[in-house]
Amino acid sequence: MKTHLHTVPIIPELEKNISKIKEISGGTSELLFNEVNISGIHCCLMCCEGLVSTAVLTQLVIKPLMELELDSVSPKGLLEHVNSNMMLSIDRPIADNYGDMFRLLNSGFIVLAVDGADYILAFGAQGHERRGITEPSGENNLTGSHDGFTELIRTNMSLIRRRIKSPHYVQKLIVTGDTSQTDICICYMSDRVPQHLIDRILQSIENIKLESVFSTGYIKPFLEPKKKSIFSSVGMTERPDVLCSKLTEGRVAVLIDGNPYALYIPKLVSDNFQTLDDYNFKPYFGTFIRWLKYAAFLLALLLPAFYVAVAVHHPEMLNSTLLLILADAEKNAPFSITAETVGVLLMYEIIKEAGIRLPKVVGGAVSIVAGIIIGDSAVKSGLISTPLLTVAAISVISGFVMPGLSQSISVLRIIFVICGGIWGLFGMSLCASVVLFNICSTEDYGFPYTAPFSPFFGKAMGDTLVRTGFRKKQEQNFTVEELHEQN
Amino acid sequence: MKTKKIIAVLLLSVTLSGCSGSSDVRNKAFIKEIGVDYGETQEISLRTFGSDEVIKGNGKTLLSAVGDCENTQSKNLFSGHLEVFASSPANIGNNLLTLLSNNRISPSCYVLCVPENAVSFIDKEGGKLAELIRSSGRNGIILPRTISGVLNDLLESDRKASVPVQKDGRLTMAVISPNELIGTLSEDESKGLCWLHGNVKDVYLPIEYDGNTTDFYIRKSNTKITAERSGDKINITVEIKINGNSDDSNKNSAKAVEEVSKTISALCSKTIAKTVTVMKADLFGIERTIKSARLTNETEWEKIIPLLNFSYNIKIAQ
Amino acid sequence: MSKIKGSQLFALLISIRIFSVICMTDLTNANSMAGVAVSTAVQILAVTPMLLLYKDSSFSLKKEMLFGKFGKLLYILFFILWGAVSFSNLWEVTKSVYFPIESSFTGAVILGAVCVYTASLGIKALFRASGLIVGLIGISLIIMLVGAYPKAELTHFIPDADFSGIIKAAVRDFCRSGELVMLFILCELVPKGKRKAVTVFFTAKLILTELIAAVEITVLGKIINISDFPFFTAGAFSQPMSIQRADSVYMILFTILCVLTATVQITLSTMLINELLPDLKYKSLITAVLMLAVSSALNITQFDITVLSGILILILAVAVPIIMYIRRKFHENKKDNSSLTAVSNA
């Protein structure tokens, strides 16, 4: 990511150089300037307070530089000597413009400017406060690892590298965002991913004109197809083990500095129903759980709408016992069943959102208000019927089984309810057709979202409809490239 | 812009669709039993689920009579869960056709013929008719018939069907045509009818031998009717396979088995004599069996009847 | 141009066929079953010229269409007519089977709007969706078979087919096989596996049609003669559980197949209109409106379209490919002769 500062070369005169830096930085307080003489040459050590490790700065940079005594060395010669012969840090980039220099300074590097040299030398000495590796909060599991990505891109890169030691695994760092200068890492297996895909992804990221990139949500729209789709064809995960399994299938991952979520391309519809736990259980149980998830998806999306459609338009589908229970429960409700259902679902969404946003200290109070007061009292007062509340609860809980689809399910569910309430099963079928066609039209970089269901790919069915055992799987060596549709 | 236009069309359709007029489950009363008497008009009485009230109405047609019943109600009447359709024999064929069209009711709704005053019957004795019909069927007394089965039989070439009938406070079987009651079967003939249709199970058959009266337990049974040509005649063999045992301590008694075979053959024979020979009704799909096997060129059932020879083969496994 | 797999072509064609079977009112006896078998055999022969035409990988229908733009216009008119038939089927079914809409026309308009949207998503989405819809068809048929098994009586089927009845039924079935014309256009999008897809399609078409006919006849018996749409009636009778009615489920299958069929017509029409009038805007919308208009006209006038569709299928799916094949062979022979002459002169 090039800014106008990248076109401004470093001023060799140290005093002017320092003035220029202060001018560009606006006199920011955390930028520290230490003017010293090294081997008789006037130099300046610069760093951002709070981003560097004081111990590294003192012991490994300042002390050796202060002890350096070279005879008759030129400014460039001094820098050459420090760079080649002293090894003050493993990471020693050089910058010849203010754009690169500021990026290094703001990334926790110590910068050495020498009077008379038109470039600077930087030393990697990051030591800022960081969150430790903890269990991911959004993706739980029983039998897998308990470490998750953090906000630091380099930590995340190391978490992946620890798991994939193959030399074919490549991590490419690029910078994006004029203002934020955010580090982005493209990760892929070079023996499984075709170069044209990498080039297209890199091109998509380079076409981003945002001035700041703080989260995966900023990058995601640029990696997804332009056509509006209901479900996202770019996946997101907080788990290194999950990401590694995607990488070994030939997908490309994108890490963003400052965000603990990694993106992976392409995402297929079947990915929403797979968890790493499936592969730790016996195949029959893994298959059972997978089918349970497919059923949960249908329940989450269609159950409230089905309830409304049947209650309003198709009561013959219920047997007489169930029908009487329903009629009895609904007889005192003041609103139409459709309005009641939409209201209950919206209430659940509000409670869910409140649960995410509220401060921990009031969490208990909200649970009491939501569960007991709203749920219990509303039913007792006759505002809402119990069967409806049960149906809505089952639907909402089923939606939690696939967190990746929860956004789409939340909205689609309400649309289905409205269609079912107005036009019954006919309306639901039309709505389902729209959703189905929309899903089928979703594709990312030539990978259809509905693969391997459609276009059907039998080899991949062993990991979608069922969970094949590893003895069989080891012979298959499936990669997503086989699902790619050439245009 | 294109999307907006599509949405506009859809929204317009919502307003035009009149969907606001639809009633949901709380505004519906679900009909459980209907009793119909056909005279100058159709008089009906009906019972709904969850209520002991009997609603009465009349009209030129069945549907207009139901509409008349609705006028006295605050709720719309819904017939999708109808369990029993009790009707006088007159116009029963047309009424069944009306009910089955547009899938208004479940095809497995029971039919009950009430020769005298079906309306009053529903009023006085309605409420649990479906359970009564089912339990009588389980005991092998009558053969529960559904609307779809009765209508199918009425559309065959003989235009006759068997239905349970309410007579003298009891349930037995009768033979009807689309507009009249042809005749009623006796208790034995009704039992024979059940055996000929098959699926008699979990019943006790009383048998007499060696001066003792005992019960033979029928666990399950299966009836098959086959036809084959023999010269000018067509031999109809009724094969009934029974799995059961005698209640007698001597469970392997050959005599008990023989007696069961005789009893069942006698029941079936009585039924065939009454229904086929006297009433000229084909209640067992005999004509279809004959035509499927291409055993005759005759197209009229009444001309086929004289060609038929019936025999009964009862096989009992204990 | 988008490339489609052979299996996707099969899925699309069989879905369209099943929709036609669901809407059939005369699959009621041995004549019709035998007629379907004869018609399928005739259709296999009929599509042979188009398969031979496409055997040559250099053949491009876009460039070599008979009569050029006029030929394409004929196909457009056929697809508009076939789309109108789909809407007419919806119209007729909603009159006999309970659909929760106030009027059939409103239902057709809403369905038309949905089809305009689904057509705008492209032909790849259409083919992928058909692959998934085939799964839905399979599940529905299994439910129907499970429910029908205890209620079916083989004696309801009377093998009394006669020659004239079979021929009439075969002709009627041929006149309803509009998917042959769609096959001719869609084959261009399938680079590999056309023959296998077509073979499997005709086999599945025969098996599924006969299976559905057998279920209808054996379950319904004589009721089939008074039933407006035997498929729905058989579905209502084939309840897997006696206490539960599930016939409304077939409404879901019908609606989705209706959307798919209409979308195919709109997509194919739009594809061809694009070649004739590339600057025309809102092609899908115009096509859908035309289909609705024709459908309304057919319903109001109660015009029986069987004969007209049969003639069009004969022309567009049989005669045109034959003529194009002969013409192509003629030109190839001419080229070979002229090159031979050039060589001998040299």
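In what follows, chains carry the letters A, B, and so on, assigned in the order in which the sequence lines appear, proteins first and then strands, with residues in each chain numbered from 1. Note: hydrogens, waters and symmetry copies are ignored here, and every other heavy atom, side chains too, is used. All of these numbers come straight from a predicted model, not from anything done at the bench.
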- B/R26 (side chain) donor-acceptor with A/N332 (main chain) under 3.5 angstrom: no
- Under 3.5 Å: donor-acceptor pair, side chain of B/K28, backbone of A/V312: yes
- Item | Minimum-distance pair of heavy atoms, taken over all atoms of A/L323 and B/H81 |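 So the two residues come closest at CD2-CE1, 3.2 Å.
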- How close do A/L324 and B/G50 get, heavy atom to heavy atom, and via which atoms? CD2-N, 4.3 Å
Could you check whether atom [atom1] of [X] has more than 12 heavy atoms from other residues, nucleotides or ligands sitting under 6.0 Å from it?
X      : atom1 : value
B/R170 : CZ    : no
B/E131 : CD    : yes
B/N71  : CG    : yes
B/K167 : NZ    : no

- Query: Relative to chain A, which segment of B/F49 carries a heavy atom at a distance below 4.5 Å: side chain, backbone, both, or neither?
  - Reply: both
- Message: Within the 4.5 Å heavy-atom criterion, are B/F30 and A/S320 side-chain neighbours or not?
- Response: no
- Engaged part of A/A329 at the chain B interface, taking heavy atoms whose separation is under 4.5 Å: neither
- Query: What part of A/I337 lies closer than 4.5 angstrom to a heavy atom of chain B: side chain, backbone, both or neither?
  - Reply: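 For A/I337, backbone and side chain are both near chain B.
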- Task: First locate atom CD of A/E330, then atom CG of B/N27, and finally report the distance between them rounded to the nearest 0.5 Å.
- Result: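 The CD atom of A/E330 sits 10.5 Å away from the CG atom of B/N27.
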